[in-house]
Amino acid sequence: MWQVRWQSAQRSARLAARRAGGRTRSAARSAQRTAHATSNAARRAWLAAPRHTRQTWQLTAVSAATGLAVAVVAVAAAGPWDSGQRTAERAAAALGPATGGEHHDDGRAPGPAPSAPAVLTALGGPARGAVGRGAAPVPTDGGLADALAPLLTDPALGPLRSASVVDVAAGRQVFGEQPDALATPASTVKLATAVAALSLRGAEHRIDTGVVLADKDRIVLVGGGDPTLTARPSRPGPGERPASLRDLADATARALKQRKLTTVGLGYDAGAYAGPVQHPIGPNENIAPVTALMTDEARLDDSDHGPAPRSTDPAADAAHAFAGLLKERGITVSGDPEEARAPKNAGRIATVHSLPLSALVERMLTYSDNDIAEALARQAALGAHQPASFDGAARAVRNALAAQHLPLAGAVFEDGSGLNRDDKVSANLLSHLLLLAAAPAKPELRSVATGLPVAAFTGTLSGRYVGDTAGAGTVRAKTGTLTGVNTLAGTVVDADGRLLAFAFMTTGTTDPPSAQKALDRMASTLANCGCR
């Protein structure tokens, strides 16, 4: 500890000397003498302190340094994301943590959030001097029980309290409290949706939105299920952008003019999805009608995440917006756009592609985006040759997880977003979904881990862990909150450098902020101890 203080004092003295320059050399020398005196005092205090006190100081210093380093890496990741949002997140972090979360999560709108950077190797890497994956000391079952069991008695938690902590390198559970009990997962069910979609479609799969020539003077706009298709002007800045309805209009206008067509009829086809478009919770500002054709998640304001008023007919609105864009490009649309079915063998004259599924997964998890979640559930259904409906998606997700040999006893998937209270999963399933995503043999699932919000910095955790030196920047987790339901599932590196996956679930809570703090405290405890 005295060496750390000495080095810090030296740096302060050098900085003071440079600022003073030739005009105040005497002040710089005084600062250096003060630094020497401070370091000598610190060294004497260090040597005089009992051995157990010095160990505590060492652990505190290492934990603080590790948390700060991880936070810096998380916020200052290289490159922009979604048109500069990662850059915006760095600026927001410099000014102070922003509040976050959706209404169904914690009652606040999340700030701009990038994907968590892909640093699993660093976060889960070996302790100093160790070699190889998993070389850091393993926490013991007894040590973790001593640390976590008392926290599970917090009166802020509901009557159903379950937990599962898995050692990622060893692939085994190291702590469990009713780990197989079924509970409503809320938004943490998005972890299951993500794993299923990536397993069935692949990380690089993109969702197409296209235009086909249905007749000699009639075209059909065909939705493929991309809720991030945007009708807004593109934002400046580097990085790959969501698919643009404006780009589709550009390509369509060019193709029509090449065919000497300047007046066409317009139909729109949202038939890629089946079943009801309304989520069982009914009209809600957290989710639009689930349809295969929409722009900007059917938002009626200029927001791009979080709760917002939604269109009641996203497909028709997208078609009308497309007609207006065609008119700006010299193509007249005769009459109003009408719902239609594209002929099976119709020639496609223009297409735009969504971001890859890996990017959609990251965005979904960071923002807790329900519209993307339901779209990904239907992508899983399409990949499994099931109807792209709530029921078909439920079967596809369950079968995809079963194929990965995950613990599914009693699990129920009624939707892809977690807004449905009839969803039921176990803490054991959630922790093993994260374990699977971190496996070196499953790189196609890595965006499940990299998309997790970072405590005190991004997404739905941006307003939590503020001032928590153990958890901030170190805990990465998906939140889940409905009335009376609080869940948290993610990854954390313990004080010894061991990567752990965890899931904490509780039902029947009456004080959401206190319940969230209780769950956060458990994750921070994992970060702060070796538990051996």
Side-chain angles (χ1 to χ4, degrees), residues 67 70-77 81-82 85-86 88-90 92-93 96-120 123 185-191 193-194 286 304-307 358-370 372-373 417-418 430-431 433-434 437-438 446-468 470-481 486-493 499-504 516-517 519-524 526-527:
V70 173
V72 170
V73 170
V75 177
W81 181 81
D82 276 5
Q85 290 174 12
R86 178 171 284 159
E89 184 64 19
R90 287 203 297 270
T99 58
E102 295 185 4
H103 285 184
H104 70 280
D105 271 349
D106 67 4
R108 294 168 294 181
S115 59
V119 290
L120 280 178
L123 290 179
S187 283
T188 56
V189 84
K190 291 181 173 76
L191 297 170
T193 303
N286 282 303
D304 60 8
H305 62 276
S358 58
L360 296 181
V361 163
E362 287 188 329
R363 187 178 179 89
M364 171 189 70
L365 295 175
T366 301
Y367 285 123
S368 196
D369 192 301
N370 300 307
I372 295 178
S417 60
L430 293 178
S431 64
L433 284 166
L434 293 161
R446 194 54 46 86
S447 57
V448 176
T450 60
L452 295 173
V454 180
F457 283 95
T458 62
T460 55
L461 285 184
S462 62
R464 291 166 64 169
Y465 294 85
V466 176
D468 181 343
T474 304
V475 173
R476 298 167 169 228
K478 181 71 199 76
T479 58
T481 307
N486 296 90
T487 59
L488 190 70
T491 62
V492 66
V493 177
L499 181 63
L500 306 174
F502 65 86
F504 304 131
Q516 289 175 1
K517 289 179 181 178
L519 298 180
D520 293 347
R521 194 174 299 116
M522 285 190 277
S524 293
L526 287 177

Asks: Please report the closest heavy-atom contact between Pro307 and Asn286, naming both atoms and the distance.
Replies: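 Heavy atoms only, the tightest pair is CG-OD1, 3.5 Å.
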Asks: At their closest point, which heavy atom of Thr193 faces which heavy atom of Ala373, and how far apart are they?
Replies: CG2-O, 3.4 Å
Asks: Between OG1 of Thr450 and CG of Leu365, what distance do you get to the nearest 0.5 Å?
Replies: 8.5 Å
Asks: Looking only at heavy atoms, which two atoms of Ala477 and Leu452 are closest? And how far apart?
Replies: N-CB, 3.9 Å
Asks: Output, in order, the C-alpha distance, side-chain angles, deciding distance and verdict of side chain to side chain contact (heavy atoms under 4.5 Å, CB included) for Leu433 and Lys478.
Replies: CA-CA 12 Å; Leu433 284 166; Lys478 181 71 199 76; over 6 Å; no
Asks: Determine yes or no for a side-chain-to-main-chain donor-acceptor pair under 3.5 angstrom, with Thr487 supplying the side chain and Gly480 the backbone.
Replies: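 Indeed, once roles are kept as given, a pair shorter than 3.5 Å links the two residues.
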Asks: Got a second to check how far Leu434's CG is from Leu500's CG, nearest 0.5 Å?
Replies: 11.5 Å
Asks: Of all residues at least two apart in sequence or in a different chain, which pass the side chain to side chain contact (heavy atoms under 4.5 Å, CB included) check with Ala194?
Replies: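 Listed in chain order: Val361, Met364, Val448.
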Asks: Begin with the C-alpha distance, continue with both residues' side-chain angles, and end with the deciding distance and a verdict on side chain to side chain contact (heavy atoms under 4.5 Å, CB included) for Phe502 and Leu519.
Replies: CA-CA 11 Å; Phe502 65 86; Leu519 298 180; over 6 Å; no
Asks: Could you state the interatomic distance from CD (Gln516) to OG1 (Thr479), rounded to the nearest 0.5 Å?
Replies: 7.5 Å
Asks: First locate atom CZ of Arg363, then atom CG of Asp369, and finally report the distance between them rounded to the nearest 0.5 Å.
Replies: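 Here the rounded value is 6.5 Å.
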Asks: Locate the shortest heavy-atom distance separating Phe504 from Ala523; write the atom from each residue and the value.
Replies: CE1-N, 3.7 Å
Asks: Taking all non-hydrogen atoms of both residues, which atom of Thr460 and which atom of Pro453 are closest, and how far apart?
Replies: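 The pair with the smallest heavy-atom distance is OG1-CG, 3.5 Å.
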Asks: How long is the gap from CD1 on Ile372 to NE2 on His305, to the nearest 0.5 Å?
Replies: 11.5 Å
Asks: Strictly by modelled atom types, are Ser368 and Ser187 linked by a side-chain donor-acceptor pair under 3.5 Å?
Replies: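 Yes, side-chain donor-acceptor contact under 3.5 Å.
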Asks: Taking all heavy atoms of Ala455 and all of Gly471, pick out the closest pair and write down the distance.
Replies: CB-O, 3.4 Å
Asks: How many angstroms lie between atom NZ of Lys517 and atom OH of Tyr465, to the nearest 0.5 angstrom?
Replies: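 Atom-to-atom, Lys517:NZ and Tyr465:OH are 12.5 Å apart.
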